[in-house]
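Comments concern the structure below.
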Amino acid sequence: MGMADILSGLTEEQRAAVTYRGGPLLVLAGVGTGKTTVITRRIAHLIAEGIVERPSQLLVFTFSHQAAEEMLDRAFDWVRYAALDAWVATYHAVGERILRENAPLAGLPPDFRVLDEWDQRVFLLDHLTELPVRTLRPRALRQPLRFLTPLLSFIGRAKDDAVSPEAYRAWCDGAAASLPSDEADLHRELADCYAAYQELLERDGVMDFGDLIVRTVRLLEGRPGLLAEYHQRFPHVLADEFQDTSRAELRLIELLAGHGNATAVGDDDQAIYGFRGVPWDNLLAFLRAFPLAKVVVLTQNFRSTQGILDAATRLIRANSYRLEALSLRGEIPYSITKELTSIHGPGHPPVHRQFPSVEEEAEFVAREVRKLNAAGVPYREIALLYRNRYRPDPYLRALSEEGIPWTLAGRFRAGMFDQEVIRLMMSFLRTLADPGDSQSLYHLLGSPIYRLGGEDLALLTSRSQREHRPLRQVLAAAVAAGSLSEEGQQAAARALADLAACEDLARGNPAGRVLYAFLMERTGYLQALAQSDDPAAGQAVEHIAEFFERVVHRFEEVARYDRVPWFVRYVDELRELGWNPMVGEAEPGVDAVQVMTFHQAKGMEFVAVFLTGLVEDFFPGRITRPTFVLPRGLRGEDIPEDIAHLEEQRRLFYVGMTRAKRRLYLLSADDYRPPGEAPRKRMAKVSRFVLEALGEQGERSPEAPALLRIRRQGGEPPPPAPGSEGTGPLQLSFRQVDDWLTCPLKYRYVHVLRVPIRLHPIVILGNAVHQAIQAYHLAKVQGRTLPLAELEAVFRHAWRSEGFLSAAHEEEMLRHGAAALAAFHRFEEASGAQPTFVEKFFAFVEGEAKVIGYWDRVDRIGNQALIIDYKTSEVGEEAADHRARESLQLAIYALGYERMFGDRPHEVQLRFLTPEVVVGRATPTDRLADRALAAIRDATAGIRSGAFAAKPSFAACSSCAYRTICPSALPL
DNA sequence: ACCCATCGATACCGA
DNA sequence: ATCGATGGGT
């Protein structure tokens, strides 16, 4: 890829940002000015110009995982393989990786665990009684959650401000003397809690997200040699969305970019994360850290019409804490003007409409959406942003009444625990954990699993209540006495037998194993769902799969005692904390009006945008001060909080306005109360932001004649109309290609329905061995050698105890793994070969598919490359080469290498580990490449067309994990 | 200066 | 649901 390509189609200012090479660079990218284009092409440019030798020398910080993925996707379009080789990650991911690479230096165990926000709360809830609370005690005990959340947010802020428990205590001993005694006491108590929390974390060998950055910074600050190594490893550092980095993250980037070759990209007018401690002046902080930095301002807007931009600019000019304003006032030595110019001409100016009620506001939206759609604007190009005081129900209802499809993002969407099938699984587990839980048993008995009739259920519950006995006892008695209907008798007996069997299993088995046994082995419910043609059943299977992935496995990782009752308690705690992850990601291709909060809209664009609920006290909303705050003496100097709040709200409004490409509606109503409540006595006032943006009073919508107003009934809006299929490129892994070729129905089970399957012992063994091997190779890349004992430690840590037939069986597999590792270790120590890449991601486009995968290991010697994949299975010496030559996996891996690097690897290998390492070799040829291509083409076409008919054969079925649920499986 | 209507808490969001 | 803070009205 030449320079011409990299710079083609760029504006002057973009070109300046992409090509600057004098040192640190701040790209002040106004809204819609092609920020991602600039950063991805700058990456390409740095490589093309030899500023970094290899893409792997680039470190790119992003704000979220999603942003990292998007950037990789975009970079993929432009620089082919280049960016894929770089570290593109969030601040926390970078911190974690640095700590793991240097765990001994950082004084950490190699397998330290990081608690996410939720596990952090569960952790503290578990240790609540160990906190040294005094005056706060009643509150902490009576309403733990009302205490924990503010405390953790306080600790988070302290870590962000680099205030250690010791520093806080020292402050309490000194400066607090001048405070009123109750205030000083509160600070002492908080300092003690902070210190105690920190000790608890260390005692359990875990850390929270705050520690991740704090410890990384401490490590790098304390080891100049190590820091210098990272500077050498990453000669250039880029940071995206710089306005939304926290103080601690800023310190990390200042350290890693300490050599001065850094690019920061951001826009201070879009900083909307102040509530989690992000300062408004990050971009200035960059300029302070790198005083010689060049500033490039991007002002050419590609998104909106001039009318929309002008209104947005008028609004944001009311903020005094922004770089443009500071520059105008001469407070910073930079001349910055952010006058945005559209390439689309004047267009329609934004309109403001005021209504007597939300209902009318919502009806207006629905009518207008209908008009826009009739004029050719697809629904998915229309967004409605709402505020959080009331649910977005009125808008959804009005859209539904017009027959307009919509999708709702954000917290009002139903989460995992609102799904019936998940509730049912929880009822089952609760019944096991507490046989006296009659409600859960009732739910279970009436569910599609047992279908106990209404009369039988009524009989049982009334008896249970009358006799004050748990439903379970009454049920057992009724079955014994034969007092139920005929079918009821059968169903109840079945339920009792299942419960007894599962209780038996639960005593000695992890929760996930028990649940799995219930769903598959005892009741066959999962099979029934997977075989059903009903789309709702398919969804239920997906939900079960997600439940296993995101709840059961998560518990396995944190559980101190993995048994059903503890699992139930864990889930209850998380639920109480408000945890309810989204399920069934919204289809991106669905043609429906996008309803979301202002925050969620960040980074998106739509042809038409409706901003709703624009009244004072609402937007701007009221300031809420955190319950606990660091004393002024320990906090960094900041602007007054009410001003900070107002300006951030204005930036949020600005973000909302600038999502619109062509049409922008600003809407407000006199009264936002739900219909049932008494109407307001005083009308809500139009948001000052509306007036600032339009510079005048908006037009008032005439009140509709009373007769035409229809009293609306409440109730859930109907579900959105089904949309069209997604049409993005198909992403395919080797596993997907292979599974589809083996049997399309297997593909459907694994990759479409994701039917959870009990891990086969061989798979567990393979995973654990792979992780140990990976750790060895990673150390090797850094010039260290892991002793066998450490390999075994990693192996055991990666081990999961589910799925084994017996303890003896598990022992045997563990021995097998240890033998494989020993053989591997002997082999490697003797060979001394040096891996170039370990677990390396690759991707290439073939036809309509993007093929992705990971190479276990690549060795490059001179310009020759060797790709290696490890197998834990056994093979005869003679058969090894044959296996390698016939391996579709190696064929695809070789093709991937060729596409990424332009040359063909000189050899590909399978390395079988037991009992001694046996190497199977193959040389990539045109024939091998053609085989890979044909496989990819067939799989792409088949998957695209949705052809998932079973292809039973003895070979496929005998080794298929889905044999037990597959209606087409051959009898063996 | 004082009263009373009104709102938000719970948030919005990220690792 | 209730309560404290806030801002508008008198």
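The sequence lines fix the lettering, A, B, ..., with proteins before strands; numbering per chain opens at 1.
- For D617(A), the listed nucleotide lying nearest its side chain is dC7(B); candidates were dG8(C), dC7(B), dC13(B).
- Regarding the sugar-base torsion, dT6(C) falls in the anti class, its angle being beyond 90° of 0.
- Note: CG (D119(A)) to C1' (dA15(B)) measures 13 Å, nearest angstrom.
- Distances were taken from every side-chain heavy atom of R622(A) (C-beta onward) to each of dT6(C), dA15(B), dC12(B); the shortest belongs to dT6(C).
- Mapped onto DNA chain B by nearest heavy atom, T627(A) and E117(A) fall at different nucleotides, with T627(A) at the one closer to the 5' end.
- Comparing dT6(C) with dT10(B), their P atoms are spaced 15 Å from each other, to the whole Å.
- In this structure, D244(A) atom CG and dA15(B) atom P are separated by 12 Å, rounded to whole Å.
- No side-chain donor from either of D126(A) and Y570(A) sits under 3.5 Å from a side-chain acceptor of the other.
- For DNA chain B, each stem of at least three Watson-Crick or G-U pairs (distances under 3.5 Å) is given as range with range: B:1-9 with C:2-10.
- With DNA chain B read from its 5' end, the first of the two nearest nucleotides for T149(A) and Q120(A) is the one closest to T149(A).
- Rounded to whole Å, atom C1' of dC13(B) lies 13 Å from atom OH of Y386(A).
- A straight line from CZ of F63(A) to P of dA15(B) spans 7 Å, rounded to a whole angstrom.
- As rounded to whole Å, 19 Å separates atom P of dT10(B) from atom CZ of R575(A).
- Within 6.0 Å of atom CZ in F112(A), more than 12 heavy atoms from other residues, nucleotides or ligands are found, so the atom counts as buried in its surroundings.
- Judged purely by distance below 3.5 Å, without hydrogens or angles, the side chains of S320(A) and E647(A) pair a donor atom with an acceptor atom.
- For the ring-ring contact (aromatic ring centres under 6.0 Å, His included) with Y168(A), the lone residue among F154(A), Y197(A), F628(A) that qualifies is F154(A).
- Between Q600(A) and dC12(B), a side-chain N or O to OP1/OP2 separation shorter than 4.0 Å is absent.
- The distance from the CG atom of L201(A) to the CG atom of L115(A) is 6.5 Å, given to the nearest 0.5 Å.
- Figure legend: cation-pi geometry between R659(A) and F606(A) absent, as NZ or CZ is not positioned both under 6.0 Å from the six-membered ring centre and within 45° of its axis.
- For the pair L652(A) CG and dC12(B) P, the computed distance is 13 Å after rounding to whole Å.
- Distance, R157(A) CZ to dA15(B) P: 18 Å, rounded to whole Å.
- Using a 30° and 60° split on the angle between ring planes, F63(A) and Y273(A) fall in the tilted class, from 30° to 60°.
- Atom C1' of nucleotide dC12(B) and atom NE2 of H645(A) are separated by 10 Å, given to the nearest angstrom.
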